[in-house]
Participant: 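Okay, handing you the structure first.
Numbers for residues simply follow the sequence, beginning at 1.
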Amino acid sequence: LAGFATSWARSQDAIEVLVWTHDDLRGRGVATTLCVALIRDCLNRGIEPNWSATNPISQHLAERLGYKRRAAYDILVIDP
């Protein structure tokens, strides 16, 4: 598996983008290609593709794809 772009959360008219690329293929445009396809599909269906970029690599990719930083927020995670 080279990678995937999907959603980890969905509402009636929006999704939250999730993208993953195999370690050996990072930096080769796989995530960009996958996200462009997912975003196009969403827009064609009237679904808003949201992106909560939680790390610098994700932030950079989102910005390259045209996303603009709107706000920052804290995320709470359970630490087992």
Participant: Does S7 reach the main-chain N or O of E16 with its side chain, forming a donor-acceptor pair under 3.5 Å?
Facilitator: yes
Participant: Output, in order, the C-alpha distance, side-chain angles, deciding distance and verdict of salt bridge (charged side-chain N to carboxylate O under 4.0 Å, His left out) for E63 and K68.
Facilitator: CA-CA 6 Å; E63 289 168 355; K68 304 290 183 209; over 6 Å; no
Participant: Taking all heavy atoms of A31 and all of L61, pick out the closest pair and write down the distance.
Facilitator: CB-CD2, 3.7 Å
Participant: Nearest 0.5 Å please: distance from the CG atom of L65 over to the CD1 atom of I39.
Facilitator: 5.0 Å
Participant: How long is the straight-line distance from CD of E48 back to CG of L43, given to the nearest 0.5 Å?
Facilitator: 9.0 Å
Participant: Running the 4.5 Å side-chain criterion over Ile, Leu, Val, Met, Phe, Trp and Tyr, what cluster does I57 land in, apart from itself?
Facilitator: none
Participant: Out of curiosity, F4 CZ to C35 SG, how far, rounded to the nearest 0.5 Å?
Facilitator: 10.5 Å
Participant: Write down the atom of I47, the atom of R10, and the distance for their closest heavy-atom approach.
Facilitator: CD1-NH2, 3.3 Å
Participant: Assess whether atom CG of D23 is packed by more than 12 heavy atoms of other residues, nucleotides or ligands within 6.0 Å.
Facilitator: yes
Participant: Let's go through N50 and I15 carefully: what are the C-alpha distance in whole Å and the side-chain angles of both, what is the deciding distance for side-chain contact (heavy atoms from CB on, under 4.5 Å) to 0.1 Å, and is it a yes or a no?
Facilitator: CA-CA 6 Å; N50 295 300; I15 68 161; over 6 Å; no
Participant: List the atom of A2, the atom of L25, and the distance in Å for their closest heavy-atom pair.
Facilitator: CB-CD1, 3.5 Å
Participant: Under a 3.5 Å distance rule, please check whether N44 uses its side chain to pair with a backbone N or O of R40 as donor and acceptor.
Facilitator: yes
Participant: Should S52 and W8 count as side-chain neighbours, where that means a heavy-atom distance under 4.5 Å?
Facilitator: no
Participant: CG of L38 to OG1 of T33: how many Å apart, nearest 0.5 Å?
Facilitator: 12.5 Å
Participant: Are H22 and L1 close enough that some pair of their side-chain heavy atoms sits under 4.5 Å apart?
Facilitator: no
Participant: Please check if any side-chain donor atom of S58 sits under 3.5 Å from a side-chain acceptor atom of W51, or the reverse.
Facilitator: yes
